[in-house]
Protein chains: 2
Amino acid sequence: MASRSDTKTRILDAAEKLFAERGFSETSLRLITSKAEVNLASVNYHFGSKKELIRAVLARYLDRFMPEASDELMLIKASGDPSLNDIFSSLVKPLLELNKFKVDGTSTFLQLLGRGYIESQGHLRWFITTHYGEHLNKFVKAVAESAPHIPPAEMFWRLHFTLGTVVFTMASADALTEIAQADFNEHYDIEAVIRKVIPYLAAGVAVPVSTQ
Amino acid sequence: MASRSDTKTRILDAAEKLFAERGFSETSLRLITSKAEVNLASVNYHFGSKKELIRAVLARYLDRFMPEASDELMLIKASGDPSLNDIFSSLVKPLLELNKFKVDGTSTFLQLLGRGYIESQGHLRWFITTHYGEHLNKFVKAVAESAPHIPPAEMFWRLHFTLGTVVFTMASADALTEIAQADFNEHYDIEAVIRKVIPYLAAGVAVPVSTQ
DNA sequence: CTCTGATTTAAACATGCGTTTAAATTAAAC
DNA sequence: GTTTAATTTAAACGCATGTTTAAATCAGAG
């Protein structure tokens with residue numbers, strides 16, 4: 001029974017790498033199966049369709065990340081009223097944990113998330129809210145409690161601005177770090193980018209609503 | 001000679017609408033030409049290829065927007081030292097002017113920009129910086145002068161965070177306004193979203209750099 | 001009117017895609 | 001060792017895509 005899970009894993013590993021690099025629709029099953037060194041038909045045999053393969057790739061990360069993010073959030077809420085910076089920062093450890101599961105796991109996950117939100121025309125949003133809605137609600141509630149001066153409708157928009165910042169930044173993180181390294185002669189890894197974006201997000205979410 | 005420019009314009013009009021709604025690679029030439037009620041081959045005849053059609057669609061907007069945005073920036077710089085909010089807000093008028101050129105011009109342009117940045121794998125970034133670099137540099141310089149406490153490398157990242165926020169928000173603006181209308185019973189048009197995002201961006205760009 | 005170049009048209013082309021099929025192979029159960 | 005089910009394989013299918021072709025049509029100039 002080694003072969004079965006081996007083929008499935010080889011497909012998932014090759015697929016997530018290519019999906020993160022080039023996007024979903026730009027990655028053909030032929031490219032995935034050739035990189036994975038498995039037969040073309042095995043994707044449909046093991047996963048049913050390309051769509052379900054995409055879901056499986058995302059779910060493998062989300063199943064690891066979401067519960068741990070929830071736990072971290074609980075932890076920092078237990079030790080007093082966390083700031084927005086604290087709340088966003090609580091995601092860093094669960095994100096970096098993904099590197100222990102796979103090489104470049106963190107950046108792969110974030111890039112997949114970015115690609116997914118952008119490409120799937122709302123389907124990933126639905127998938128995440130239906131499968132991980134409880135975790136998400138906890139997070140949204142924590143943010144809202146930490147910025148009580150922002151009305152719900154305003155917070156809705158700001159959280160989506162935040163999602164956009166993260167998703168776009170991560171989907172183009174490779175290109176950006178390349179440019180930044182060339183222009184400023186500094187080294188950036190995914191953690192450095194995450195730590196740079198958090199204060200930006202926290203400031204935007206909490207800025208007082210304009211009264212004019 | 002009415003026919004020539006007529007066909008070109010019909011193609012551009014149909015293409016920009018479909019590109020904005022569904023993305024570039026998800027929009028086939030057959031769909032474009034059928035909506036435009038022109039022959040399939042006329043795209044290749046008038047534009048050469050699908051890639052050049054995409055460029056033409058974007059350029060039609062950028063050629064209108066960029067000079068006017070530059071002019072507006074000059075104007076507000078002439079009347080004293082503008083704040084970050086002022087600088088970002090100076091883009092609103094040129095953006096809304098696009099509605100006079102075409103129905104839904106503003107949102108179409110912003111959605112195209114979002115799609116382009118996301119889909120084109122860095123190609124749009126190159127196209128814009130090479131064709132409209134002078135305008136862009138003026139804008140970046142104005143932002144930097146208005147937030148002198150932010151070092152250049154940090155500003156690089158924050159401006160790209162900003163780009164990400166705008167681009168993602170605009171690419172999914174239709175979905176977001178729909179959700180917001182359903183959940184909060186408020187009406188949102190593109191101008192309302194623009195005016196909501198500006199304070200968020202300005203706060204993020206200007207937030208003091210963490211010293212820890 | 002006639003000729004010439006520009007434009008439009010219908011058809012075909014070549015390619016790449018996701019998926020399906022049926023036979024070959026492998027591994028596990030008895 | 002034989003049987004049975006799971007897996008792998010090579011091939012083909014059907015379809016959609018961007019592009020090209022060559023003939024038909026059109027508009028303007030002489």
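Protein chains get the first letters and strands the later ones, always in sequence-line order, with residue 1 at the start of each. Every value quoted in this text rests on a predicted model; they were computed, and no experiment measured them.
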Figure out the [atom1]/[atom2] separation between [X] and [N], and round it to whole Å.
X: Asn39(B); N: dT9(C); atom1: CG; atom2: P; result: 5 Å
X: Glu52(A); N: dG18(C); atom1: CD; atom2: P; result: 15 Å
X: Arg10(B); N: dT9(C); atom1: CZ; atom2: C1'; result: 15 Å
X: Asp6(A); N: dT7(D); atom1: CG; atom2: C1'; result: 12 Å
X: Ile11(A); N: dT19(C); atom1: CD1; atom2: P; result: 13 Å
X: Arg22(B); N: dA16(D); atom1: CZ; atom2: P; result: 13 Å
X: Glu37(A); N: dT8(D); atom1: CD; atom2: C1'; result: 15 Å
X: Phe47(B); N: dT7(C); atom1: CZ; atom2: P; result: 12 Å

Are [X] and [N] close enough that a side-chain N or O sits under 4.0 Å from OP1 or OP2?
X: Ser42(B); N: dT8(C); result: no
X: His46(A); N: dA6(D); result: no
X: Ser28(B); N: dA16(D); result: no

Considering every strand and a 4.0 Å limit on heavy-atom distances, what is the contact class for Thr27(B): base, sugar-phosphate, or nothing?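 Touches sugar-phosphate only.
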So do the side chains of Leu73(B) and Ile87(B) get within less than 4.5 Å of each other, counting heavy atoms only?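 Yes - at least one pair of side-chain heavy atoms lies under 4.5 Å apart.
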Would you say the side chain of Phe19(B) lies within less than 4.5 Å of the side chain of Thr108(B), judging by non-hydrogen atoms?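 Sidechains of Phe19(B) and Thr108(B): no contact.
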Nearest 0.5 angstrom please: Lys17(B) NZ to Lys102(B) NZ, how far?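 Nearest 0.5 Å value for the NZ-NZ distance: 9.5 Å.
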Would you call Lys93(B)-Asp71(B) a salt bridge at under 4.0 Å N-O?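 Between Asp71(B) and Lys93(B) there is no salt bridge, as every charged N stays at least 4.0 Å from the carboxylate O atoms.
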Minimum-distance pair of heavy atoms, taken over all atoms of Arg158(A) and Val205(A):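 That would be NH1-O, 2.9 Å.
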Over 60° means perpendicular and under 30° means parallel, so tell me whether Phe127(B) and His123(B) are parallel, tilted or perpendicular.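 Rings of Phe127(B) and His123(B): parallel, as their planes differ by under 30°.
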Check nucleotides 19-22 of chain D for protein N or O atoms closer than 3.5 Å to its own N or O atoms and list the pairs.
unit_1, atom_1, unit_2, atom_2, d
dT19(D), OP2, Asn44(B), OD1, 3.2
dT19(D), OP2, Lys50(B), N, 2.9

Which of these, Lys8(B), Arg60(B), Lys35(B), sits in a salt bridge (charged side-chain N to carboxylate O under 4.0 Å, His left out) with Asp13(B)?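 Among Lys8(B), Arg60(B), Lys35(B), the one meeting salt bridge (charged side-chain N to carboxylate O under 4.0 Å, His left out) with Asp13(B) is Arg60(B).
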